[in-house]
Participant: 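One structure coming up, written as C-alpha coordinates, with questions to follow.
Lettering follows sequence order; numbering is per chain, from 1.
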Amino acid sequence: MFKSAASIEKLANRLARLPGIGRKSATRLAFHILKLSREDACELADSIREVKDKVGFCSICNNISESDPCRICSDPQRKQDVICVVEETSDAAAMDKVEGFDGLFHILGGCLSPLDGIGPDDLKIMGLMTRLEKGVTEVIIATNPNVEGEATAVYLARLLRPLGIKVTRIARGLPVGSDLEYADSATLTRAMEGRQEY
Amino acid sequence: MPQEKTEAVILKSFNWSESSRTVVFFSSDRGKLALIDKGGRRLQSKRGRLLSFAKLEVSYYDSNKESSGYIREVELLKHYSLEGDGALGRLAFASAACELLYDLLPEEQPQSALYQYFVKYLSLIESADKANLSGIFLAFFLRLLSQLGYNPSLAWCAACRKEIAVNGDSTAPLKFSPERGGVVCASCAKAGDYYILLSPASHRLLQTLQVASLTEAASLPIGYQETLRLTEALTKFVSFQTGTSSGLKSLEFLEKLKNSKLLK
(Lines give C-alpha, C1' and ligand atoms only; values in the text may rest on other atoms or scores of the structure.)
Protein backbone atom coordinates (compact mmCIF):
# COMPACT_ATOMS: atom_id res chain seq x y z
CA MET A 1 0.00 0.00 0.00
CA PHE A 2 2.73 2.46 0.99
CA LYS A 3 5.59 1.11 -1.07
CA SER A 4 7.70 4.18 -0.46
CA ALA A 5 7.30 3.98 3.33
CA ALA A 6 6.95 0.46 4.67
CA SER A 7 7.14 1.75 8.25
CA ILE A 8 3.82 3.62 7.82
CA GLU A 9 2.18 0.44 6.62
CA LYS A 10 3.67 -1.45 9.55
CA LEU A 11 2.30 1.13 12.00
CA ALA A 12 -1.13 1.11 10.33
CA ASN A 13 -1.19 -2.69 10.51
CA ARG A 14 -0.38 -2.58 14.21
CA LEU A 15 -3.04 0.05 14.93
CA ALA A 16 -5.64 -1.91 12.97
CA ARG A 17 -5.24 -4.73 15.50
CA LEU A 18 -6.67 -2.51 18.25
CA PRO A 19 -10.34 -3.01 19.13
CA GLY A 20 -12.77 -0.75 17.27
CA ILE A 21 -10.15 0.44 14.79
CA GLY A 22 -10.66 -0.48 11.18
CA ARG A 23 -8.22 -0.32 8.31
CA LYS A 24 -9.12 3.24 7.28
CA SER A 25 -9.01 4.64 10.82
CA ALA A 26 -5.65 2.91 11.37
CA THR A 27 -4.23 4.55 8.25
CA ARG A 28 -5.55 7.96 9.35
CA LEU A 29 -3.99 7.49 12.80
CA ALA A 30 -0.68 6.40 11.27
CA PHE A 31 -0.58 9.58 9.17
CA HIS A 32 -1.56 11.64 12.21
CA ILE A 33 1.34 10.14 14.17
CA LEU A 34 3.64 10.94 11.25
CA LYS A 35 2.56 14.57 11.45
CA LEU A 36 3.16 14.79 15.22
CA SER A 37 6.29 16.47 16.50
CA ARG A 38 9.14 14.09 17.28
CA GLU A 39 8.66 14.74 21.05
CA ASP A 40 4.93 13.97 21.00
CA ALA A 41 5.42 10.80 18.96
CA CYS A 42 8.21 9.61 21.27
CA GLU A 43 6.07 10.39 24.33
CA LEU A 44 3.29 8.23 22.91
CA ALA A 45 5.74 5.39 22.23
CA ASP A 46 7.26 5.75 25.72
CA SER A 47 3.80 5.71 27.33
CA ILE A 48 2.99 2.44 25.61
CA ARG A 49 6.32 0.95 26.67
CA GLU A 50 5.89 2.24 30.24
CA VAL A 51 2.45 0.68 30.55
CA LYS A 52 3.83 -2.69 29.49
CA ASP A 53 6.89 -2.39 31.73
CA LYS A 54 5.32 -1.03 34.89
CA VAL A 55 1.72 -2.17 35.11
CA GLY A 56 1.02 -5.60 36.53
CA PHE A 57 -1.62 -7.26 38.68
CA CYS A 58 -2.03 -6.98 42.42
CA SER A 59 -1.35 -10.40 43.94
CA ILE A 60 -4.14 -9.85 46.49
CA CYS A 61 -7.12 -8.40 44.60
CA ASN A 62 -6.05 -8.93 40.92
CA ASN A 63 -6.51 -5.22 40.17
CA ILE A 64 -4.11 -3.64 37.69
CA SER A 65 -1.41 -1.78 39.55
CA GLU A 66 2.08 -0.36 39.32
CA SER A 67 2.86 -1.76 42.76
CA ASP A 68 2.18 -5.05 44.52
CA PRO A 69 0.06 -4.92 46.63
CA CYS A 70 -1.91 -2.23 44.86
CA ARG A 71 -2.70 1.23 46.23
CA ILE A 72 -6.10 0.10 47.53
CA CYS A 73 -4.96 -3.12 49.22
CA SER A 74 -2.06 -1.34 50.96
CA ASP A 75 -4.13 1.60 52.20
CA PRO A 76 -4.53 1.19 56.01
CA GLN A 77 -7.34 3.77 56.04
CA ARG A 78 -9.67 1.42 54.15
CA LYS A 79 -11.86 -1.11 55.91
CA GLN A 80 -9.96 -4.37 55.75
CA ASP A 81 -12.92 -6.54 56.70
CA VAL A 82 -15.25 -5.61 53.81
CA ILE A 83 -14.58 -6.90 50.29
CA CYS A 84 -16.53 -5.86 47.22
CA VAL A 85 -16.36 -8.55 44.52
CA VAL A 86 -16.51 -7.33 40.92
CA GLU A 87 -16.05 -8.93 37.51
CA GLU A 88 -13.44 -6.66 35.91
CA THR A 89 -10.90 -3.98 36.79
CA SER A 90 -13.10 -1.35 35.13
CA ASP A 91 -15.93 -2.34 37.51
CA ALA A 92 -13.63 -1.82 40.50
CA ALA A 93 -12.72 1.64 39.16
CA ALA A 94 -16.44 2.45 38.87
CA MET A 95 -17.27 1.11 42.34
CA ASP A 96 -14.33 3.01 43.86
CA LYS A 97 -16.21 6.23 43.04
CA VAL A 98 -19.07 5.16 45.32
CA GLU A 99 -19.38 7.53 48.26
CA GLY A 100 -19.48 5.73 51.57
CA PHE A 101 -17.62 2.64 50.43
CA ASP A 102 -14.06 2.42 51.69
CA GLY A 103 -13.54 -1.32 51.76
CA LEU A 104 -11.36 -3.49 49.55
CA PHE A 105 -11.99 -5.06 46.15
CA HIS A 106 -11.61 -8.48 44.64
CA ILE A 107 -11.60 -8.82 40.87
CA LEU A 108 -12.82 -12.16 39.54
CA GLY A 109 -11.55 -11.64 36.00
CA GLY A 110 -14.93 -12.38 34.42
CA CYS A 111 -18.12 -14.17 35.34
CA LEU A 112 -19.61 -17.65 35.07
CA SER A 113 -20.80 -18.08 31.51
CA PRO A 114 -22.27 -21.29 30.12
CA LEU A 115 -22.21 -19.95 26.56
CA ASP A 116 -18.48 -19.26 26.81
CA GLY A 117 -17.76 -22.37 28.87
CA ILE A 118 -16.37 -20.29 31.78
CA GLY A 119 -16.65 -22.21 35.04
CA PRO A 120 -15.72 -21.31 38.65
CA ASP A 121 -12.13 -22.55 38.35
CA ASP A 122 -11.58 -20.15 35.43
CA LEU A 123 -12.25 -17.20 37.77
CA LYS A 124 -10.11 -15.88 40.63
CA ILE A 125 -12.39 -17.29 43.32
CA MET A 126 -9.72 -19.31 45.13
CA GLY A 127 -7.83 -16.10 45.93
CA LEU A 128 -11.02 -14.64 47.41
CA MET A 129 -11.49 -17.70 49.62
CA THR A 130 -7.93 -17.30 50.93
CA ARG A 131 -8.58 -13.64 51.74
CA LEU A 132 -11.68 -14.52 53.75
CA GLU A 133 -9.52 -16.31 56.34
CA LYS A 134 -8.17 -12.92 57.45
CA GLY A 135 -11.14 -11.65 59.45
CA VAL A 136 -13.45 -10.52 56.63
CA THR A 137 -16.95 -9.82 57.96
CA GLU A 138 -18.82 -8.84 54.78
CA VAL A 139 -18.57 -9.69 51.09
CA ILE A 140 -20.50 -7.38 48.76
CA ILE A 141 -21.25 -9.07 45.44
CA ALA A 142 -21.22 -6.43 42.71
CA THR A 143 -21.31 -8.55 39.58
CA ASN A 144 -23.26 -7.19 36.61
CA PRO A 145 -27.08 -7.38 36.80
CA ASN A 146 -27.33 -9.65 33.76
CA VAL A 147 -27.95 -13.39 33.60
CA GLU A 148 -24.28 -14.36 33.88
CA GLY A 149 -23.62 -11.84 36.64
CA GLU A 150 -26.61 -13.14 38.60
CA ALA A 151 -25.41 -16.73 38.14
CA THR A 152 -21.99 -15.75 39.47
CA ALA A 153 -23.63 -14.02 42.42
CA VAL A 154 -25.75 -17.09 43.19
CA TYR A 155 -22.68 -19.32 43.02
CA LEU A 156 -20.61 -17.06 45.28
CA ALA A 157 -23.41 -16.69 47.81
CA ARG A 158 -23.78 -20.46 47.97
CA LEU A 159 -20.03 -20.83 48.47
CA LEU A 160 -19.65 -18.09 51.10
CA ARG A 161 -22.75 -18.40 53.28
CA PRO A 162 -21.64 -21.63 55.02
CA LEU A 163 -18.52 -19.75 56.18
CA GLY A 164 -20.66 -17.52 58.38
CA ILE A 165 -19.70 -14.34 56.52
CA LYS A 166 -22.32 -11.69 55.74
CA VAL A 167 -22.96 -11.84 51.99
CA THR A 168 -24.75 -8.90 50.36
CA ARG A 169 -25.71 -8.09 46.77
CA ILE A 170 -25.80 -4.56 45.35
CA ALA A 171 -29.34 -3.33 44.64
CA ARG A 172 -30.83 -3.69 41.15
CA GLY A 173 -33.30 -1.35 39.54
CA LEU A 174 -33.49 2.01 37.84
CA PRO A 175 -30.41 4.02 36.88
CA VAL A 176 -30.33 7.59 38.27
CA GLY A 177 -31.47 10.14 35.67
CA SER A 178 -33.42 7.59 33.62
CA ASP A 179 -37.12 7.75 32.67
CA LEU A 180 -39.62 5.29 34.11
CA GLU A 181 -41.48 5.10 30.80
CA TYR A 182 -38.42 3.61 29.10
CA ALA A 183 -37.73 1.02 31.79
CA ASP A 184 -38.69 -2.58 31.04
CA SER A 185 -40.92 -4.61 33.31
CA ALA A 186 -38.04 -6.79 34.60
CA THR A 187 -36.13 -3.70 35.78
CA LEU A 188 -39.25 -2.15 37.31
CA THR A 189 -40.02 -5.41 39.12
CA ARG A 190 -36.52 -5.40 40.63
CA ALA A 191 -36.87 -1.74 41.56
CA MET A 192 -40.20 -2.44 43.25
CA GLU A 193 -38.81 -5.45 45.11
CA GLY A 194 -35.87 -3.38 46.36
CA ARG A 195 -37.91 -0.34 47.44
CA GLN A 196 -36.97 1.28 50.73
CA GLU A 197 -38.87 3.27 53.32
CA TYR A 198 -38.55 6.97 52.54
CA MET B 1 -35.02 1.02 4.96
CA PRO B 2 -38.44 -0.55 5.68
CA GLN B 3 -39.47 -0.89 9.32
CA GLU B 4 -40.42 -4.32 10.62
CA LYS B 5 -41.57 -5.75 13.93
CA THR B 6 -41.10 -9.28 15.24
CA GLU B 7 -41.28 -11.33 18.40
CA ALA B 8 -37.91 -12.87 19.20
CA VAL B 9 -35.54 -14.37 21.78
CA ILE B 10 -31.81 -13.61 21.84
CA LEU B 11 -29.53 -16.52 20.93
CA LYS B 12 -26.17 -14.79 21.01
CA SER B 13 -24.58 -11.36 20.83
CA PHE B 14 -21.16 -10.11 19.79
CA ASN B 15 -19.78 -6.77 20.94
CA TRP B 16 -17.95 -4.97 18.16
CA SER B 17 -17.37 -1.50 19.53
CA GLU B 18 -17.51 0.39 22.83
CA SER B 19 -21.26 0.81 22.58
CA SER B 20 -22.58 -1.40 19.76
CA ARG B 21 -23.03 -5.08 19.09
CA THR B 22 -24.57 -7.58 16.71
CA VAL B 23 -27.42 -9.56 18.22
CA VAL B 24 -28.60 -12.85 16.79
CA PHE B 25 -32.27 -13.56 17.50
CA PHE B 26 -34.59 -16.49 17.00
CA SER B 27 -37.55 -14.65 15.54
CA SER B 28 -41.09 -16.01 15.43
CA ASP B 29 -41.51 -15.16 11.74
CA ARG B 30 -37.98 -14.71 10.38
CA GLY B 31 -36.09 -17.61 12.00
CA LYS B 32 -32.47 -16.84 12.84
CA LEU B 33 -32.03 -13.11 12.41
CA ALA B 34 -28.90 -11.02 13.01
CA LEU B 35 -29.44 -7.31 13.75
CA ILE B 36 -27.12 -4.46 14.65
CA ASP B 37 -27.73 -2.88 18.04
CA LYS B 38 -26.17 0.58 17.65
CA GLY B 39 -25.38 2.22 20.98
CA GLY B 40 -27.31 -0.50 22.81
CA ARG B 41 -24.55 -1.23 25.30
CA ARG B 42 -24.92 2.24 26.82
CA LEU B 43 -26.77 2.32 30.12
CA GLN B 44 -28.89 5.28 29.04
CA SER B 45 -29.99 3.84 25.72
CA LYS B 46 -33.69 4.63 25.43
CA ARG B 47 -34.76 2.00 22.98
CA GLY B 48 -35.21 -0.71 25.63
CA ARG B 49 -32.88 -3.25 27.17
CA LEU B 50 -32.02 -6.44 25.37
CA LEU B 51 -32.41 -9.19 27.93
CA SER B 52 -31.28 -12.76 27.41
CA PHE B 53 -33.82 -15.54 27.97
CA ALA B 54 -36.71 -13.20 27.38
CA LYS B 55 -39.49 -12.89 24.83
CA LEU B 56 -39.00 -9.51 23.18
CA GLU B 57 -40.88 -7.44 20.64
CA VAL B 58 -38.18 -6.08 18.38
CA SER B 59 -38.83 -3.20 15.98
CA TYR B 60 -36.07 -2.85 13.42
CA TYR B 61 -35.06 -1.30 10.16
CA ASP B 62 -34.80 -4.12 7.69
CA SER B 63 -31.97 -4.17 5.22
CA ASN B 64 -32.37 -5.50 1.72
CA LYS B 65 -28.63 -5.44 1.24
CA GLU B 66 -26.09 -7.94 2.50
CA SER B 67 -25.54 -6.00 5.73
CA SER B 68 -27.77 -6.60 8.76
CA GLY B 69 -30.70 -4.42 9.74
CA TYR B 70 -30.72 -2.11 12.77
CA ILE B 71 -32.69 -2.44 16.00
CA ARG B 72 -34.99 0.55 16.51
CA GLU B 73 -36.90 -0.33 19.67
CA VAL B 74 -37.28 -3.27 22.03
CA GLU B 75 -40.21 -4.11 24.26
CA LEU B 76 -39.97 -6.81 26.91
CA LEU B 77 -42.88 -9.24 26.64
CA LYS B 78 -41.85 -11.94 29.10
CA HIS B 79 -38.65 -12.50 31.04
CA TYR B 80 -37.82 -16.06 32.05
CA SER B 81 -36.23 -15.70 35.44
CA LEU B 82 -33.66 -18.43 35.95
CA GLU B 83 -32.92 -17.51 39.54
CA GLY B 84 -33.85 -19.42 42.68
CA ASP B 85 -33.46 -23.14 43.31
CA GLY B 86 -31.21 -24.78 40.70
CA ALA B 87 -30.39 -21.41 39.09
CA LEU B 88 -27.08 -22.52 37.59
CA GLY B 89 -28.59 -25.69 36.08
CA ARG B 90 -31.51 -23.68 34.64
CA LEU B 91 -29.07 -21.19 33.15
CA ALA B 92 -26.94 -23.99 31.66
CA PHE B 93 -29.91 -25.78 30.05
CA ALA B 94 -31.41 -22.54 28.72
CA SER B 95 -27.99 -21.59 27.31
CA ALA B 96 -27.54 -25.06 25.80
CA ALA B 97 -30.78 -24.65 23.82
CA CYS B 98 -29.63 -21.23 22.56
CA GLU B 99 -26.29 -22.73 21.56
CA LEU B 100 -27.99 -25.52 19.61
CA LEU B 101 -30.37 -23.13 17.86
CA TYR B 102 -27.55 -20.76 16.98
CA ASP B 103 -25.48 -23.60 15.51
CA LEU B 104 -28.25 -25.44 13.68
CA LEU B 105 -30.83 -22.91 12.49
CA PRO B 106 -30.39 -21.75 8.91
CA GLU B 107 -30.30 -17.94 8.38
CA GLU B 108 -33.65 -16.18 7.99
CA GLN B 109 -35.84 -19.23 7.35
CA PRO B 110 -39.12 -19.01 9.28
CA GLN B 111 -39.54 -21.75 11.90
CA SER B 112 -42.71 -20.60 13.67
CA ALA B 113 -43.62 -23.97 15.22
CA LEU B 114 -40.08 -24.43 16.49
CA TYR B 115 -40.10 -20.89 17.91
CA GLN B 116 -43.26 -21.62 19.89
CA TYR B 117 -41.71 -24.87 21.08
CA PHE B 118 -38.57 -22.99 22.20
CA VAL B 119 -40.63 -20.44 24.13
CA LYS B 120 -42.48 -23.29 25.87
CA TYR B 121 -39.08 -24.85 26.63
CA LEU B 122 -37.83 -21.66 28.31
CA SER B 123 -41.03 -21.43 30.30
CA LEU B 124 -40.56 -24.99 31.60
CA ILE B 125 -36.86 -24.47 32.31
CA GLU B 126 -37.95 -21.52 34.45
CA SER B 127 -40.66 -23.35 36.35
CA ALA B 128 -39.96 -27.12 36.40
CA ASP B 129 -38.43 -28.95 39.32
CA LYS B 130 -34.65 -28.87 38.96
CA ALA B 131 -34.51 -32.70 38.92
CA ASN B 132 -36.51 -32.72 35.68
CA LEU B 133 -34.53 -30.17 33.67
CA SER B 134 -32.45 -32.85 31.91
CA GLY B 135 -35.50 -34.61 30.47
CA ILE B 136 -36.90 -31.32 29.18
CA PHE B 137 -33.59 -30.47 27.55
CA LEU B 138 -33.17 -33.87 25.88
CA ALA B 139 -36.75 -33.77 24.55
CA PHE B 140 -36.06 -30.29 23.15
CA PHE B 141 -32.81 -31.47 21.57
CA LEU B 142 -34.55 -34.42 19.86
CA ARG B 143 -37.47 -32.27 18.64
CA LEU B 144 -35.07 -29.66 17.27
CA LEU B 145 -33.22 -32.34 15.33
CA SER B 146 -36.48 -33.76 14.03
CA GLN B 147 -37.79 -30.33 12.93
CA LEU B 148 -34.58 -29.60 11.06
CA GLY B 149 -34.56 -32.99 9.36
CA TYR B 150 -31.83 -34.70 11.38
CA ASN B 151 -33.92 -37.23 13.28
CA PRO B 152 -31.62 -39.96 14.64
CA SER B 153 -32.83 -43.46 13.80
CA LEU B 154 -33.62 -45.22 17.07
CA ALA B 155 -36.36 -47.74 16.25
CA TRP B 156 -34.81 -48.96 12.98
CA CYS B 157 -31.24 -49.81 12.05
CA ALA B 158 -29.66 -46.70 10.51
CA ALA B 159 -27.93 -48.91 7.92
CA CYS B 160 -30.41 -51.64 6.81
CA ARG B 161 -33.68 -50.10 8.15
CA LYS B 162 -34.66 -53.32 9.95
CA GLU B 163 -36.49 -52.87 13.21
CA ILE B 164 -34.20 -52.83 16.25
CA ALA B 165 -35.54 -55.63 18.45
CA VAL B 166 -34.49 -55.52 22.09
CA ASN B 167 -35.50 -58.36 24.42
CA GLY B 168 -37.17 -57.17 27.56
CA ASP B 169 -34.49 -58.59 29.88
CA SER B 170 -31.49 -58.01 27.63
CA THR B 171 -28.63 -55.96 29.04
CA ALA B 172 -26.45 -56.04 25.91
CA PRO B 173 -25.64 -52.48 24.85
CA LEU B 174 -26.82 -51.11 21.51
CA LYS B 175 -24.43 -49.46 19.10
CA PHE B 176 -25.25 -45.84 18.24
CA SER B 177 -23.36 -44.62 15.20
CA PRO B 178 -23.26 -40.80 14.92
CA GLU B 179 -21.79 -41.15 11.44
CA ARG B 180 -24.49 -43.48 10.08
CA GLY B 181 -27.29 -41.58 11.78
CA GLY B 182 -28.55 -43.75 14.62
CA VAL B 183 -28.60 -47.19 16.19
CA VAL B 184 -27.07 -49.93 14.08
CA CYS B 185 -28.13 -53.61 14.30
CA ALA B 186 -25.63 -56.36 15.15
CA SER B 187 -25.35 -57.54 11.54
CA CYS B 188 -24.60 -54.02 10.19
CA ALA B 189 -22.10 -53.07 12.92
CA LYS B 190 -18.55 -53.11 11.59
CA ALA B 191 -15.52 -53.80 13.72
CA GLY B 192 -13.30 -50.72 13.99
CA ASP B 193 -16.10 -48.21 13.39
CA TYR B 194 -16.88 -45.57 16.01
CA TYR B 195 -19.94 -46.29 18.15
CA ILE B 196 -21.41 -44.91 21.33
CA LEU B 197 -22.77 -47.75 23.45
CA LEU B 198 -26.28 -47.25 24.77
CA SER B 199 -27.80 -49.51 27.40
CA PRO B 200 -31.27 -50.86 26.48
CA ALA B 201 -32.68 -48.54 29.19
CA SER B 202 -30.95 -45.49 27.65
CA HIS B 203 -32.17 -46.52 24.22
CA ARG B 204 -35.75 -46.85 25.50
CA LEU B 205 -35.46 -43.48 27.23
CA LEU B 206 -34.29 -41.78 24.02
CA GLN B 207 -37.18 -43.36 22.10
CA THR B 208 -39.63 -42.15 24.74
CA LEU B 209 -38.17 -38.64 24.67
CA GLN B 210 -38.24 -38.57 20.88
CA VAL B 211 -42.04 -38.58 20.90
CA ALA B 212 -42.70 -36.99 24.29
CA SER B 213 -44.12 -33.51 24.68
CA LEU B 214 -42.10 -31.12 26.84
CA THR B 215 -44.62 -31.48 29.65
CA GLU B 216 -44.36 -35.28 29.48
CA ALA B 217 -40.56 -35.01 29.44
CA ALA B 218 -40.76 -32.82 32.53
CA SER B 219 -42.09 -35.79 34.47
CA LEU B 220 -39.08 -37.96 33.58
CA PRO B 221 -36.30 -37.43 36.11
CA ILE B 222 -33.01 -38.37 34.44
CA GLY B 223 -29.72 -38.76 36.30
CA TYR B 224 -26.83 -36.41 35.63
CA GLN B 225 -24.50 -39.07 34.18
CA GLU B 226 -27.27 -40.43 31.94
CA THR B 227 -27.94 -36.89 30.68
CA LEU B 228 -24.28 -36.42 29.84
CA ARG B 229 -24.12 -39.78 28.02
CA LEU B 230 -27.23 -39.11 25.95
CA THR B 231 -26.21 -35.52 25.21
CA GLU B 232 -22.81 -36.75 24.08
CA ALA B 233 -24.46 -39.23 21.70
CA LEU B 234 -26.72 -36.51 20.26
CA THR B 235 -24.01 -33.84 19.95
CA LYS B 236 -21.67 -36.31 18.21
CA PHE B 237 -24.58 -37.20 15.91
CA VAL B 238 -25.14 -33.51 15.13
CA SER B 239 -21.45 -32.98 14.55
CA PHE B 240 -21.25 -35.83 12.02
CA GLN B 241 -24.50 -34.93 10.29
CA THR B 242 -24.08 -31.16 10.05
CA GLY B 243 -20.35 -30.56 10.29
CA THR B 244 -20.76 -28.22 13.28
CA SER B 245 -18.39 -28.52 16.22
CA SER B 246 -19.26 -31.24 18.70
CA GLY B 247 -19.85 -30.50 22.37
CA LEU B 248 -22.01 -27.93 24.08
CA LYS B 249 -20.14 -25.33 26.09
CA SER B 250 -23.15 -24.89 28.35
CA LEU B 251 -23.07 -28.51 29.45
CA GLU B 252 -19.29 -28.44 29.78
CA PHE B 253 -20.03 -25.56 32.16
CA LEU B 254 -22.17 -27.92 34.28
CA GLU B 255 -19.28 -30.38 34.33
CA LYS B 256 -16.95 -27.60 35.45
CA LEU B 257 -19.33 -26.68 38.25
CA LYS B 258 -19.51 -30.27 39.39
CA ASN B 259 -15.74 -30.81 39.25
CA SER B 260 -14.74 -27.44 40.68
CA LYS B 261 -11.88 -27.55 43.18
CA LEU B 262 -13.75 -24.92 45.19
CA LEU B 263 -16.42 -27.34 46.28
CA LYS B 264 -13.93 -29.94 47.47
Participant: First locate atom CG of B/L77, then atom CG of A/D184, and finally report the distance between them rounded to the nearest 0.5 Å.
Facilitator: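 It is 11.0 Å, given to the nearest 0.5 Å.
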
Participant: Could you list which of residues 94-102 of chain B have a heavy atom closer than 4.5 Å to any heavy atom of chain A, in residue-number order?
Facilitator: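 Listed by number: B/S95, B/E99.
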
Participant: Locate the shortest heavy-atom distance separating B/K256 from A/D122; write the atom from each residue and the value.
Facilitator: NZ-OD2, 2.8 Å

Participant: Give, as side chain, backbone, both or neither, the part of B/L11 having an atom under 4.5 angstrom from any heavy atom of chain A.
Facilitator: backbone

Participant: For chain B, which of A/T187, A/D116, A/T189, A/L112 has the most heavy-atom pairs under 4.5 Å?
Facilitator: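 Of the candidates given, the most pairs with chain B belong to A/L112.
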
Participant: OH of B/Y117: more than 12 outside heavy atoms within 6.0 angstrom?
Facilitator: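 Atom OH in B/Y117 is packed in, count exceeds 12.
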
Participant: Check this for me: B/L228, atom CG, are more than 12 non-hydrogen atoms of other residues, nucleotides or ligands nearer than 6.0 Å?
Facilitator: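 Correct, the count exceeds 12.
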
Participant: On a heavy-atom basis, which atom in A/Y155 and which in B/S260 lie closest, and how many Å separate them?
Facilitator: OH-OG, 3.6 Å

Participant: Is it the side chain or the backbone of A/V147 that comes within 4.5 Å of chain B heavy atoms, both, or neither?
Facilitator: both

Participant: Which heavy atom in A/P114 sits nearest to a heavy atom in B/L91, and how many Å separate them?
Facilitator: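 Looks like CG-CG, 3.6 Å.
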
Participant: Using heavy-atom distances under 4.5 Å, tell me whether A/M129 contacts chain B through its side chain, its backbone, both, or neither.
Facilitator: side chain

Participant: Just wondering, are more than 12 heavy atoms of other shown residues or ligands nearer than 6.0 Å to NZ in B/K130?
Facilitator: no

Participant: Sort out for me which of A/A151, A/G119, A/P120 touches chain B most, counting heavy-atom pairs under 4.5 Å.
Facilitator: A/P120

Participant: Heavy atoms only: give me the nearest B/L88-A/R158 pair and the separation to one decimal.
Facilitator: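 What the structure gives for the nearest pair is CD1-NH1, 4.2 Å.
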
Participant: For A/I21, is it the side chain, the backbone, both or neither that has a heavy atom under 4.5 Å from a heavy atom of chain B?
Facilitator: neither

Participant: Got a second to check how far A/R190's CZ is from B/S81's OG, nearest 0.5 Å?
Facilitator: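 Taking CZ in A/R190 and OG in B/S81, the distance rounds to 6.0 Å.
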
